[in-house]
Amino acid sequence: MQAGDPVVGASVALAGAQSRSEDEESLGVKDVKRTATQAFGSGVPKRRSSSRSIKRKKFDDELVESSLVKSSSRVKGPPVIEPVRCSGSEPSSTEKKKVTKSGAALTPPLTMVINPAPITKRVKKSKQPLHITKDLGRWKPTDDLLLINAVLQTTDLTSVHLGVKFSCRFTLREIKERWYALLYDPVISKLAWQAMRQLHPEAIAAIQSKALFSQAEEALLAKIGSTSQPKLDVFQELLSKHPGVFHPSRTPKSLLVHWQLLKQYYLLDDQSVQPLPKGDQVLNFSDAEQMVDDLMISDRHQKREIRQLEQELPRWQVLVDSITGMSMPDFDNQTLAALRGRMVRYLMRSREITLGRATKDKQIDVDLSLEGPAWKISRKQGIIKLKNNGDFFIANEGRRPIYIDGRPVLSGNKWKLNNNSVVEIAGLRFVFLINLELISLIKAEAAKMTQQ
């Protein structure tokens with residue numbers, strides 16, 4: 001067919017006309033849509049939109065994809081991501097070609113995509129195992145140094161457990177385990193050695209001074225006699241003669257203290273422990289307890305008898321005074337009456353005297369504190385006054401009552417005093433004695449004055 005054929009030209013013209021009609025129709029549809037939006041857009045308000053992405057929960061397939069993307073980004077080299085396909089869809093031929101071209105070793109299997117491995121959190125691994133770091137908290141460097149020094153001195157873990165005072169109360173089993181760990185565990189021994197090297201020299205010297213005494217050291221100290229009184233020079237001589245036996249931290253004073261302990265417990269060579277008595281003379285715990293109870297009971301009886309004698313002492317004193325005639329003392333011409341107690345006798349030489357407790361600020365006529373404990377007595381307890389008719393009265397001006405022959409006289413009240421009246425103030429007892437001859441003269445003069 002030739003190019004200038006009229007049939008071919010007509011077909012080409014027809015095809016161009018059809019394409020132009022299709023373009024015009026598409027342009028007409030677009031113009032209709034634009035006019036519709038302009039017509040209705042004026043009545044409908046515009047919605048506000050935000051550029052921020054809406055956060056929502058991811059589905060399971062999205063979680064799997066994100067986890068695979070993170071894991072692939074951490075691996076060095078070009079990332080290889082396997083697309084997740086649904087069970088109903090099948091890959092196209094082009095996709096199959098791409099998969100076959102990529103290496104089989106780099107593509108993960110389908111089971112790995114469907115069932116991914118759980119994401120493991122990062123856990124800081126400790127440098128030492130758990131059973132090693134468990135004991136490092138209780139065992140301090142000072143304890144390790146004490147343990148090493150004690151074992152080197154005694155070579156006996158039981159004596160170390162009984163004689164060494166650690167920072168904690170370790171059992172014998174714990175001490176054995178620690179010693180074996182220091183010997184055979186390289187990690188623990190290295191850590192303990194580093195910690196002990198960091199101790200201060202003064203702390204190391206203090207720990208070494210507490211080292212237990214070995215049997216050889218105690219044997220040399222036991223040779224010193226118990227009857228002698230050795231001085232520091234003797235122990236200094238021991239240290240100079242036997243430098244290989246004694247610990248380097250030993251001093252003459254420490255040797256003297258340990259020798260005194262050996263002497264106290266009868267461990268010297270010239271001392272011998274007395275055997276226990278045999279037979280019925282052995283004192284057990286129940287017998288000792290019974291003896292203590294008997295002593296306590298006898299002590300109570302003795303104290304009770306002493307109290308009874310103290311209470312009966314004033315009665316016996318009154319009887320002795322009545323027999324010897326001391327109940328009626330010899331008065332002089334100036335003494336009107338007397339207030340006699342067990343220890344002190346107060347003379348009344350004026351018509352009015354005050355009773356109480358003397359202080360630095362205030363002085364009174366009769367200081368009752370000379371008789372006994374007067375801390376319950378007021379500073380001005382009472383006043384004894386002689387009236388013109390020859391009668392004596394006592395007025396209570398203190399807080400506590402005054403007892404006259406067993407009758408209480410309250411604060412602010414008065415009471416008449418007779419010869420041999422018993423006056424009791426806060427537990428202190430006195431006998432009021434009147435000079436009857438002088439009082440009779442005073443009464444006679446008072447009668448004469450009234451008659452005139």
Side-chain angles (χ1 to χ4, degrees), residues 302-387 389-442:
Q302 291 177 0
K303 289 181 179 179
R304 190 179 302 168
E305 291 177 358
I306 291 171
R307 292 195 199 98
Q308 291 177 357
L309 292 174
E310 288 179 351
Q311 292 176 0
E312 294 177 357
L313 184 61
R315 302 176 185 175
W316 289 103
Q317 188 172 359
V318 171
L319 292 175
V320 171
D321 291 345
S322 63
I323 293 172
T324 57
M326 293 181 63
S327 60
M328 295 296 294
D330 296 331
F331 292 105
D332 53 7
N333 296 330
Q334 297 179 358
T335 303
L336 299 175
L339 191 65
R340 189 182 67 186
R342 292 191 303 170
M343 306 296 294
V344 185
R345 186 178 66 172
Y346 304 96
L347 301 178
M348 181 177 177
R349 292 184 176 181
S350 61
R351 288 182 173 268
E352 183 176 346
I353 59 173
T354 57
L355 309 175
R357 175 169 50 86
T359 58
K360 295 181 180 179
D361 301 334
K362 188 174 183 179
Q363 297 294 330
I364 55 176
D365 299 327
V366 178
D367 186 7
L368 300 178
S369 61
L370 300 175
E371 176 66 19
W375 59 276
K376 293 183 179 180
I377 298 175
S378 302
R379 297 176 183 176
K380 189 177 180 182
Q381 184 66 45
I383 298 175
I384 298 177
K385 189 175 182 180
L386 174 63
K387 291 190 174 183
N389 59 358
D391 295 334
F392 289 90
F393 284 87
I394 184 171
N396 187 1
E397 295 186 359
R399 295 181 180 180
R400 297 180 179 274
I402 299 175
Y403 293 90
I404 308 298
D405 295 329
R407 296 178 182 178
V409 179
L410 301 179
S411 178
N413 296 331
K414 297 180 181 180
W415 195 263
K416 183 180 178 180
L417 291 174
N418 299 319
N419 191 23
N420 291 327
S421 293
V422 179
V423 180
E424 184 177 355
I425 305 173
L428 301 179
R429 291 183 179 181
F430 303 93
V431 179
F432 187 74
L433 303 175
I434 301 174
N435 190 353
L436 298 177
E437 296 179 359
L438 186 57
I439 295 301
S440 62
L441 293 175
I442 292 173

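Quantities reported herein were computed from a predicted structural model and do not represent experimental measurements.
- Between Lys376 and Ala426, the closest heavy-atom pair is CB-CB, 4.1 Å.
- Put simply, the side chain of Asn435 gets close to the backbone of Thr335: a donor and an acceptor are under 3.5 Å apart.
- Of the possible polar contacts, one joining the Ser440 side chain to the Leu436 backbone as a donor-acceptor pair under 3.5 Å is found.
- Judged by distance alone, the side chain of Glu371 and the main-chain N or O of Phe430 form no donor-acceptor pair under 3.5 Å.
- Taking all atoms of both residues into account, the shortest heavy-atom contact from Phe432 to Val423 is CB-CG2, 4.4 Å.
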Candidate pair Leu417 and Ile404, rule side chain to side chain contact (heavy atoms under 4.5 Å, CB included), full reasoning: CA-CA 8 Å; Leu417 291 174; Ile404 308 298; 3.9 Å; yes

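- Cation-pi geometry between Lys416 and Phe392 is not satisfied (NZ or CZ under 6.0 Å from the ring centre, within 45° of the ring normal).
- Screening Lys380, Arg379, Lys414 against Glu397 for a salt bridge (charged side-chain N to carboxylate O under 4.0 Å, His left out) leaves a single residue, Lys380.
- Between the side chains of Asp367 and Ser369, at least one donor N or O sits under 3.5 Å from an acceptor N or O.
- Distance check: Ser421 OG to Ile394 CD1 gives 10.0 Å after rounding to the nearest 0.5 Å.
- Separating the CZ atom in Arg304 from the CG atom in Leu309 is a distance of 13.5 Å, to the nearest 0.5 Å.
- Here Asn389 pairs with Asp391 under the side-chain hydrogen bond (donor to acceptor under 3.5 Å, both in side chains) rule; sequence neighbours left out.
- The local environment of CZ in Arg399 is sparse, with at most 12 non-hydrogen atoms from other residues, nucleotides or ligands closer than 6.0 Å.
- Here Arg429 contributes atom CZ and Glu424 contributes atom CD; the two are 5.0 Å apart, rounded to the nearest 0.5 Å.
- A distance-only check finds a donor-acceptor pair linking the side chain of Ser411 to the backbone of Gly398 [under 3.5 Å].
- Judged purely by atom type and a 3.5 angstrom limit, Asn396 has no side-chain atom pairing as donor or acceptor with the backbone of Gly412.
- Shortest non-hydrogen contact noted between Asp365 and Thr354 is OD2-N, 3.1 Å.
- Counting heavy atoms from C-beta outward, Gln381 and Ile402 have side chains that approach closer than 4.5 Å.
- The two residues Ile442 and Arg351 make their nearest non-hydrogen contact at CG2-NH2, 3.9 Å.
- Taking each heavy atom of Tyr346 and Leu370 in turn, the nearest pair found is OH-CB, 3.8 Å.
- The two residues Ala337 and Ile434 have their closest heavy-atom pair at CB-CA, 4.1 Å.
- Annotation for Gln363: atom CD counts as buried by contact number, over 12 foreign heavy atoms lying within 6.0 Å.
- Partner Leu355 forms a side-chain contact (heavy atoms from CB on, under 4.5 Å) with one of Ile383, Leu339, Ile377 and no other, that one being Leu339.
- Within the 3.5 Å criterion, the main-chain N or O of Lys385 finds no donor-acceptor partner in the side chain of Glu352.
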